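Here's the structure we're looking at; comments come further down.
FYI, side chains are in, hydrogens and waters are out, and symmetry mates aren't considered; it's all heavy atoms of this structure. Since we're looking at a predicted model, the values are computed, not measured.
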Amino acid sequence: MKKMRRIFAATLTLAVICLCMAGCGAGEDEAKVIGTCTLTVQDQLQDEKVDVAEGDTVYDILIKTDLAVSGKDTVDGIAIEAIEGVANGDKGEYSGWIYNVNGEMPMDYCDKLEVNDRDEIVWTFSEGM
């Protein structure tokens, strides 16, 4: 009986230690929110406020919305192929989605450019890229 109590106590202690160690990592995957940005997607969203977490990219912000987004992973980064069913090439061979941040058109793919607090992101469907 004494041996059973020791085994039970050791097992219980081990279980508590495991639970404590598992709890220590809780929330580490959740990135810290550093602010908000404004997102506009032509004909879909107008000036929507989206939380910005540390390390969020323009692509991450777009994905945080309820919009249907299709992207293609390329060697250089993620290229947006369609938003809400409006796809590249729908209005001519050179039509497609482009974005700007704070009024400037970056040369980076959307998954490479990090977003800052109060950035303004605008996605536009261009008929001639």
Side-chain angles (χ1 to χ4, degrees):
M1 190 58 117
K2 196 173 186 181
K3 186 175 183 181
M4 289 290 278
R5 284 186 185 156
R6 282 190 191 149
I7 292 172
F8 177 75
T11 304
L12 183 60
T13 302
L14 184 59
V16 169
I17 290 171
C18 288
L19 286 173
C20 287
M21 289 176 71
C24 289
E28 283 183 16
D29 289 339
E30 293 179 28
K32 178 182 172 190
V33 173
I34 60 170
T36 60
C37 69
T38 304
L39 177 65
T40 300
V41 179
Q42 179 181 324
D43 300 329
Q44 307 299 328
L45 283 178
Q46 190 64 38
D47 298 333
E48 178 152 326
K49 298 290 184 197
V50 181
D51 285 341
V52 177
E54 281 185 42
D56 271 353
T57 64
V58 172
Y59 177 75
D60 295 325
I61 298 299
L62 183 60
I63 294 301
K64 286 182 180 185
T65 69
D66 290 332
L67 297 175
V69 177
S70 174
K72 180 179 181 180
D73 199 7
T74 71
V75 293
D76 295 317
I78 296 175
I80 298 303
E81 292 187 316
I83 301 175
E84 285 296 304
V86 179
N88 295 347
D90 279 357
K91 294 188 178 183
E93 183 179 357
Y94 300 106
S95 65
W97 288 99
I98 57 173
Y99 74 96
N100 71 62
V101 178
N102 301 324
E104 296 182 21
M105 187 179 301
M107 298 310 294
D108 296 320
Y109 279 76
C110 61
D111 65 321
K112 303 297 182 203
L113 184 66
E114 287 191 16
V115 177
N116 298 303
D117 183 29
R118 291 181 269 178
D119 276 352
E120 293 182 13
I121 303 166
V122 177
W123 283 92
T124 307
F125 191 80
S126 173
E127 293 186 27
M129 297 193 321

Show me the donor-acceptor pairs within less than 3.5 Å that the side chains of residues 66-79 make with the rest of the protein, sequence neighbours left out.
residue, atom, partner, partner atom, Å
Thr74, OG1, Asp76, N, 3.2
Thr74, OG1, Gly77, N, 3.1
Thr74, OG1, Gly77, O, 2.6

Chi angles and distances behind the side chain to side chain contact (heavy atoms under 4.5 Å, CB included) call for Asn116, Val52: CA-CA 7 Å; Asn116 298 303; Val52 177; over 6 Å; no

Please test Leu39 against Leu45 for side chain to side chain contact (heavy atoms under 4.5 Å, CB included), starting from the C-alpha separation and ending with a verdict. CA-CA 7 Å; Leu39 177 65; Leu45 283 178; 4.0 Å; yes

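- In this structure, Val115 is not a member of the same hydrophobic cluster as Val122, with clusters built from ILVMFWY side-chain heavy atoms closer than 4.5 Å.
- If you chain together hydrophobic residues whose side chains sit under 4.5 Å apart, Trp97 and Ile63 fall into the same group.
- Shown are Val101, Thr57, Asp56; of these, the side chain to side chain contact (heavy atoms under 4.5 Å, CB included) with Leu113 is made only by Val101.
- For the pair Gln42 (side chain) and Phe125 (backbone), a donor-acceptor distance under 3.5 Å is present.
- In plain terms, the two heavy atoms of Ile98 and Met105 that are nearest each other are CD1-CE, 3.7 Å.
- The nearest pair of heavy atoms linking Glu54 to Ile34 is CG-CG2, 3.4 Å.
- Note: Trp123 and Tyr99 have tilted aromatic rings, judged against thresholds of 30 and 60 degrees for the angle between ring planes.
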When you look at Leu62 and Val41, which way does the side chain to side chain contact (heavy atoms under 4.5 Å, CB included) test go after all the steps? CA-CA 9 Å; Leu62 183 60; Val41 179; 4.0 Å; yes

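- In this structure, the separation between OG1 on Thr36 and CD on Glu48 is 11.5 Å, given to the nearest 0.5 Å.
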Walk me through it: do Lys49 and Thr38 pass the test side chain to side chain contact (heavy atoms under 4.5 Å, CB included)? CA-CA 5 Å; Lys49 298 290 184 197; Thr38 304; 2.9 Å; yes

